[in-house]
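Following: one structure in structure tokens, then a few remarks.
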Amino acid sequence: MKKYWFIINMQIMSNLQYIFNIIFGFIGYFIMLFILFNLWQYLYSDPSELINGYSLLQMTWYVVITEILWSTLSGSKFCKKICNDVKSGNITYNINKPYSYIGYSLSTHLGDISVRLLVYTILGMLTGLLFLGSFPSLSLVSVLIVILTSIMALVIQTLFMIAIGLLSFFIEDANPFYWVYSKVILVLGTIFPIEYFPGILQTILRFSPVYVVSYGPAKLFVDFSWDAAFSIILAQIIYFVIAYLLCFAIYRKGVKRINVNGG
Amino acid sequence: MLTAVNGVKNQMRVTRLSIRYAVMREMLNKFTFLSNVLFMILNNACMIVQWVVLYSINDDIGGYTFKQMLLLWGLSASIYGFAHFLFEKAFHLSDTINTGKLDAFLVQPKNVLLQTISSDTKISSLGDLLFGFIMYFIHGFTIESFLLFIFFTASGGLILTAISIILNSLSFWLNKSDMIAEVGNSLMINFSTYPDGIFKGITRILLFTLIPVGIANYIPIHVMTDFNIYLFFINIGVTLLFMLFAFLIFYQGLKKYSSSNLMSARI
């Protein structure tokens with residue numbers, strides 16, 4: 001475990017050298033939030049009106065949190081990196097090292113996104129405050145639980161991306177699978193809470209990754225309850241195990257197909 | 001005069017060949033080619049869910065009906081597809097300039113900018129282009145609107161490419177200008193998929209001036225819905241202006257370019 005902490009620390013130190021790039025990258029997040037803020041302001045003719053149980057304040061904060069998780073992740077780049085590791089054969093340099101490739105990739109990515117998560121959270125909160133003028137009511141404990149579930153959401157997302165990237169062992173380019181996966185998460189849990197969908201779909205979504213990687217932390221931020229917190233944390237633990245086993249199974253099967261030709 | 005016409009013809013032929021070879025290179029693996037195109041169509045189609053949900057709340061969003069929104073979404077996708085399929089390198093021009101890869105294009109007896117930007121393609125953007133036309137047909141077909149849709153796809157694609165060339169060309173003067181180009185492209189893409197009626201005040205002014213999403217995307221929708229000759233000519237005029245500006249900035253910057261003696265092979 002110590003070696004993975006070392007990798008995470010190393011990546012954090014490396015990313016701190018490029019803090020300006022991270023702050024500049026926040027502009028993309030700001031643009032998206034600005035558009036969605038305008039959209040919701042247009043749809044809510046009266047700010048106190050409730051649409052599917054959400055007020056304008058709750059709806060906008062929901063999007064602030066889900067967009068922080070979404071933008072921090074940089075999923076497309078990471079998935080492309082895993083695909084390229086497999087396609088180019090770079091993965092062979094990691095196989096003979098005293099760590100697991102999955103653990104290494106997970107730690108590298110978590111290290112990479114840590115600084116961004118911190119910067120985006122601070123700037124995202126300030127942006128939300130600038131647009132709305134107030135926070136939803138939260139206690140210190142609920143804030144801590146939101147932070148914990150957000151970190152778990154990013155870990156699970158990273159594992160799913162590793163799993164998709166590792167599909168490159170079997171098909172040349174697994175990136176298209178990531179596009180569809182990411183759009184499903186974006187549409188069904190990032191832009192809207194799951195209460196916006198019809199009853200049957202809501203039930204399905206509560207058992208899907210959308211519930212743990214996007215909806216869960218944001219829902220707790222805008223409308224905290226202990227029941228929801230327990231159910232989200234339990235679902236995250238189950239999904240963490242599933243995602244890890246999925247990565248492990250794909251890696252084990254795929255790694256047998258590697259041919260090393262020297263060079 | 002005849003020599004000039006022949007020169008343009010010759011340049012167009014070389015550009016066409018350059019695009020053709022870039023596409024052929026990407027088509028070497030048929031499965032990857034097809035999966036890239038099909039999954040991009042599917043990827044875009046997922047976003048329709050967003051509008052189905054929003055239109056279940058309100059019948060009119062920013063002055064757009066659901067069908068008009070599909071048309072806007074389709075036009076944005078086809079504009080993106082057009083620009084990235086034909087001129088992908090325009091979106092990575094900064095890297096080409098910074099790493100000295102422009103050398104290879106400078107020694108060719110053809111237009112440097114056209115040769116450079118048409119030397120690469122993004123296969124998944126073919127999926128965007130097809131998706132755009134699928135959305136158009138769902139919206140409704142008439143010969144006039146179909147011709148307008150093709151025309152606006154091309155003019156919007158040229159505006160998008162021109163903006164990318166202008167912003168990426170800043171690399172001739174500035175370090176890290178790729179980040180500025182990225183922000184510019186992200187502004188163009190993100191705003192283009194939301195109706196203009198939801199934006200007010202200064203944002204709305206910016207969308208029809210500095211960030212010309214209004215000219216490339218919103219005006220075409222208004223023209224296709226209710227034809228207006230003035231708006232049509234504004235679209236043509238601004239497109240030509242941006243193209244001219246892109247050429248001027250690039251060639252002005254090219255004077256400052258110094259070779260890095262990079263040894264590389266273009267395959």
Side-chain angles (χ1 to χ4, degrees), chain A residues 18 20-45 49-52 54 59 67 71 76 83 87 167-168 170-198 201, chain B residues 26 28-58 60-64 123-124 127-128 176 178-180 182-201 203-204 207 211 213:
Chain A
Y18 303 105
F20 177 73
N21 291 18
I22 295 173
I23 294 170
F24 205 83
F26 180 78
I27 297 173
Y29 168 90
F30 182 85
I31 296 165
M32 205 56 234
L33 205 60
F34 177 77
I35 293 172
L36 291 173
F37 178 68
N38 274 277
L39 178 69
W40 287 114
Q41 254 202 336
Y42 182 88
L43 289 169
Y44 278 88
S45 46
E49 179 191 357
L50 290 181
I51 300 179
N52 294 316
Y54 288 81
M59 196 54 231
E67 285 287 338
S71 309
S76 169
C83 289
K87 279 198 297 188
L167 288 176
S168 291
F170 311 98
I171 43 168
E172 192 184 296
D173 188 3
N175 281 305
F177 288 95
Y178 175 74
W179 302 338
V180 175
Y181 167 79
S182 64
K183 277 290 152 47
V184 168
I185 301 288
L186 182 71
V187 173
L188 301 180
T190 304
I191 303 174
F192 309 108
I194 57 183
E195 285 85 355
Y196 271 72
F197 298 98
L201 193 57
Chain B
E26 293 293 325
L28 280 176
N29 187 325
K30 296 275 188 298
F31 178 77
T32 306
F33 172 78
L34 279 176
S35 66
N36 268 274
V37 174
L38 292 175
F39 273 79
M40 186 47 78
I41 294 175
L42 196 61
N43 174 53
N44 288 334
C46 286
M47 291 307 286
I48 296 173
V49 176
Q50 176 190 5
W51 295 105
V52 171
V53 173
L54 289 171
Y55 276 94
S56 70
I57 301 169
N58 210 337
D60 178 296
I61 297 177
Y64 284 61
I123 280 306
S124 61
D128 290 301
K176 295 269 174 200
D178 53 327
M179 280 157 58
I180 301 171
E182 219 169 280
V183 170
N185 288 329
S186 141
L187 278 168
M188 286 294 291
I189 293 161
N190 286 327
F191 277 104
S192 70
T193 48
Y194 288 87
D196 53 321
I198 64 169
F199 305 109
K200 292 179 185 76
T203 315
R204 207 172 156 77
L207 289 178
I211 315 162
V213 178

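Sequence lines set the chain letters: A, B, ... in the order given, protein chains first and strands last, and positions in each chain run from 1. Every heavy atom of this structure was used, including side-chain atoms; hydrogens, water molecules and symmetry mates were not.
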Tell me, for [X] versus chain B, whether the close heavy atoms (under 4.5 Å) come from the side chain, the backbone, both or neither.
{"X": "A:F192", "result": "side chain"}
{"X": "A:N21", "result": "both"}
{"X": "A:Y181", "result": "neither"}

> Out of A:D173, A:V184, A:L186, which one racks up the most heavy-atom pairs below 4.5 Å with chain B?
Replying inline: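 Looking at each of A:D173, A:V184, A:L186 in turn, A:D173 comes out on top.
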>> Taking every non-hydrogen pair under 4.5 Å, which of A:N175, A:N52, A:L43 racks up the most with chain B?
In response: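 Of the candidates given, the most pairs with chain B belong to A:L43.
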> What salt bridge (charged side-chain N to carboxylate O under 4.0 Å, His left out) pairs are there with at least one residue in residues 183-192 of chain A, not counting sequence neighbours?
Replying inline: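 Found none.
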>> Let's go through B:D60 and A:Y42 carefully: what are the C-alpha distance in whole Å and the side-chain angles of both, what is the deciding distance for side-chain contact (heavy atoms from CB on, under 4.5 Å) to 0.1 Å, and is it a yes or a no?
In response: CA-CA 10 Å; B:D60 178 296; A:Y42 182 88; 3.3 Å; yes
For [X], is it the side chain, the backbone, both, or neither that has a heavy atom closer than 4.5 Å to a heavy atom of chain A?
{"X": "B:S35", "value": "both"}
{"X": "B:F199", "value": "both"}
{"X": "B:L38", "value": "neither"}
{"X": "B:D178", "value": "neither"}
{"X": "B:I61", "value": "both"}

>> Any non-hydrogen side-chain atom of A:L188 less than 4.5 Å from a side-chain atom of B:Q50?
In response: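 A:L188 vs B:Q50: side chains apart.
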> Is A:V187 close to B:W51 at the side-chain level, that is, under 4.5 Å between some pair of heavy atoms?
Replying inline: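 Heavy-atom side-chain distance check fails, nothing below 4.5 Å.
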> Any idea which of B:S56, B:G127, B:G62, B:A45 has the most non-hydrogen atom pairs under 4.5 angstrom with chain A?
Replying inline: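 Looking at each option in turn, the highest pair count goes to B:G62.
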>> Would you say CZ of A:F170 has more than 12 non-hydrogen atoms from neighbouring residues, nucleotides or ligands within 6.0 angstrom?
In response: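 It does: A:F170 CZ has more than 12 such atoms within range.
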>> As an exercise, state the distance from CH2 of A:W179 to SG of B:C46, rounded to the nearest 0.5 Å.
In response: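 Here the rounded value is 12.5 Å.
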> OH/A:Y178 to CG/B:N43 distance, rounded to the nearest 0.5 angstrom?
Replying inline: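 Interatomic distance, A:Y178 OH to B:N43 CG, rounded to 0.5 Å: 10.5 Å.
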Taking only distance into account, with no hydrogens and no angle test, what donor-acceptor pairs under 3.5 Å do side-chain atoms of residues 22-41 of chain A form with protein atoms, sequence neighbours excluded?
{"from": "A:Y29", "atom 1": "OH", "to": "A:V64", "atom 2": "O", "distance (Å)": "3.0"}
{"from": "A:N38", "atom 1": "ND2", "to": "A:F34", "atom 2": "O", "distance (Å)": "2.8"}

